[in-house]
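Read the structure below first, then the notes.
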There are 2 protein chains.
Amino acid sequence: MDIIDRKIISLLAQDARRSLSDIGGAVELSASAVNERIRRLTTSGAIRRTTVDADPQALDLPILAFVWIALAPGADEAAFRSYAAAHPSIAECHHVTGPWSYLMKIHVGSLAGIEAFLADMKEHGFLVRSETIIALSSVVDGPFILKEGMV
Amino acid sequence: MDIIDRKIISLLAQDARRSLSDIGGAVELSASAVNERIRRLTTSGAIRRTTVDADPQALDLPILAFVWIALAPGADEAAFRSYAAAHPSIAECHHVTGPWSYLMKIHVGSLAGIEAFLADMKEHGFLVRSETIIALSSVVDGPFILKEGMV
DNA sequence: ACTGAAACAGCATGGAA
DNA sequence: TTCCATGCTGTTTCAGT
């Protein structure tokens, strides 16, 4: 993982469909040398996958919210993990420092969607307390990767 | 934007390098029909870009943190926006409801990197108060898209 | 809007340096 | 690890439905 590998990842991050010779021109390497580096970066896990960043609006998911979670005492953590992993609305879920246990990033279609989301979590017995923060606008927007179950 | 378009985006989200005929097989369409749909989705902005999801660890950015920001009263909001957009560590920055003005998601190399980050924000006169939450582990990890200035 | 075929570009591979 | 040469897969375009 040298400076050229970083440059290649950066170029691919901007546009993963750039040709190998294009990238080669930018880093002063032949196309096949670039190909070999990308192959190594992929097998080593430095590049996890090539994907598409979609517009949540176009997919009718205009609401972005962050939800703080206090897990119910004695809640099944393993069950919670697989629940979160499979849930189509949960873009991210992190175990965090501070007064709350988890921070989630969710995409939903409407404010009613947030209520339904929290109700579902409660029904599953995970939730005791939560706090929801809604993003009004984004100065720097993160990528939106459509989850499998979300179709 | 019908169900087939969603399916195509979902398939590309899993692996943007799947061939058009592969995708065509999954949605029962010819390769060129799929190509035409992807072209439309891209020009309409529903697909923003094809990109690579990298491993922050491999790029020496193992620390993920969320930073709440109270903007200094009378701070230049436009300047703050371009500062945030250009800053290599800031993966996301949202204007949010609740007691804080902004929520940022940042990737840094070490805890010292957080301190340096906050000091820089303060020097620029944006920050009055902030609170930092560190992600200990991720139940559902978001994608990491290397920013241009980060190389 | 979709199909199928033909033309083209880009990728993958192997051998040499 | 890199380059070059080449066979081949996948993309793009276009005429037809």
Side-chain angles (χ1 to χ4, degrees), chain A residues 1-61 109 143-148 150-151, chain B residues 1-61 109 143-148 150-151:
Chain A
M1 171 62 61
D2 59 9
I3 186 76
I4 295 178
D5 285 334
R6 285 169 183 270
K7 189 86 202 250
I8 289 172
I9 292 176
S10 173
L11 290 165
L12 289 174
Q14 290 162 58
D15 178 7
R17 301 188 52 162
R18 291 183 68 162
S19 74
L20 297 175
S21 43
D22 233 34
I23 297 167
V27 300
E28 319 235 319
L29 241 56
S30 76
S32 44
V34 173
N35 185 44
E36 174 60 15
R37 278 171 177 265
I38 292 175
R39 196 196 56 73
R40 274 207 314 275
L41 289 168
T42 305
T43 55
S44 75
I47 293 176
R48 291 160 168 168
R49 62 170 167 179
T50 78
T51 183
V52 291
D53 174 19
D55 180 2
Q57 302 262 1
L59 290 150
D60 300 313
L61 297 164
F144 171 67
I145 311 298
L146 189 63
K147 251 180 142 174
E148 276 196 65
M150 218 157 187
V151 180
Chain B
M1 170 63 59
D2 59 9
I3 186 76
I4 294 177
D5 284 335
R6 286 170 182 271
K7 188 87 204 244
I8 290 171
I9 290 175
S10 173
L11 290 165
L12 289 175
Q14 288 162 58
D15 178 7
R17 300 186 55 161
R18 292 184 67 159
S19 74
L20 296 174
S21 41
D22 234 34
I23 297 167
V27 300
E28 319 233 322
L29 241 56
S30 72
S32 45
V34 173
N35 185 44
E36 174 62 14
R37 276 173 178 265
I38 292 175
R39 198 196 57 73
R40 274 207 311 274
L41 288 168
T42 305
T43 56
S44 74
I47 293 175
R48 291 158 167 170
R49 62 171 166 178
T50 78
T51 184
V52 291
D53 174 19
D55 180 1
Q57 303 261 3
L59 290 150
D60 299 312
L61 297 163
F144 171 66
I145 311 297
L146 189 63
K147 250 180 143 174
E148 275 195 67
M150 219 158 188
V151 183

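The model shown is predicted, which means the values in this text are computed figures rather than measured ones. The sequence lines fix the lettering, A, B, ..., with proteins before strands; numbering per chain opens at 1.
Legend: residues meeting side chain to side chain contact (heavy atoms under 4.5 Å, CB included) with A:Ala33, ordered by chain and number and at least two apart, are A:Leu29, A:Ser30.
Closest heavy-atom contact between A:Phe144 and A:Leu61: CZ-CD1, 3.8 Å. Pairing each heavy atom of A:Gly45 with each of B:Asp55, the nearest pair is O-CB, 3.4 Å. The heavy-atom pair separating A:Ala13 from B:Ile145 by the smallest distance is CB-CG2, 3.8 Å.
Here B:Leu146 contributes atom CG and A:Ile8 contributes atom CD1; the two are 12.0 Å apart, rounded to the nearest 0.5 Å. In this structure, CD1 on A:Ile4 lies 12.5 Å from CD1 on A:Ile9, to the nearest 0.5 angstrom.
Across residues 1-16 of chain B, not one residue has a non-hydrogen atom less than 4.0 Å from an atom of DNA chain C.
Using five terminal pairs a side, the axes of the helix from C:dA1-D:dT17 to C:dA17-D:dT1 at its two ends make an angle of 30°, given in steps of 10 degrees.
The salt bridge (charged side-chain N to carboxylate O under 4.0 Å, His left out) analysis of residues 19-29 of chain B, with sequence neighbours excluded, yields the pairs B:Arg18-B:Asp22.
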Chi angles and distances behind the side-chain contact (heavy atoms from CB on, under 4.5 Å) call for A:Arg49, B:Asp15: CA-CA 7 Å; A:Arg49 62 170 167 179; B:Asp15 178 7; over 6 Å; no
Evaluate side-chain contact (heavy atoms from CB on, under 4.5 Å) for B:Val52 paired with A:Leu41, printing each intermediate quantity in order. CA-CA 11 Å; B:Val52 291; A:Leu41 289 168; over 6 Å; no
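When DNA chain C is scanned 5' to 3' for any atom under 4.0 Å from a heavy atom of chain B, the first and last hits are C:dA1 to C:dA12.
Looking only at distances, no side-chain donor or acceptor of A:Ser10 sits under 3.5 Å from a matching main-chain atom of A:Arg6.
Each of B:Thr50, B:Val34, B:Ile38 was compared with B:Leu12 under the side chain to side chain contact (heavy atoms under 4.5 Å, CB included) criterion, and only B:Ile38 meets it.
By the 6.0 Å contact criterion, CZ on B:Arg17 is open, its count of non-hydrogen atoms from other residues, nucleotides or ligands being 12 or less.
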Readout for nucleotides 9-17 of chain D: B = base within 4.0 Å of protein heavy atom, S = sugar-phosphate only, - = neither; 5' to 3' it is -SSBB----
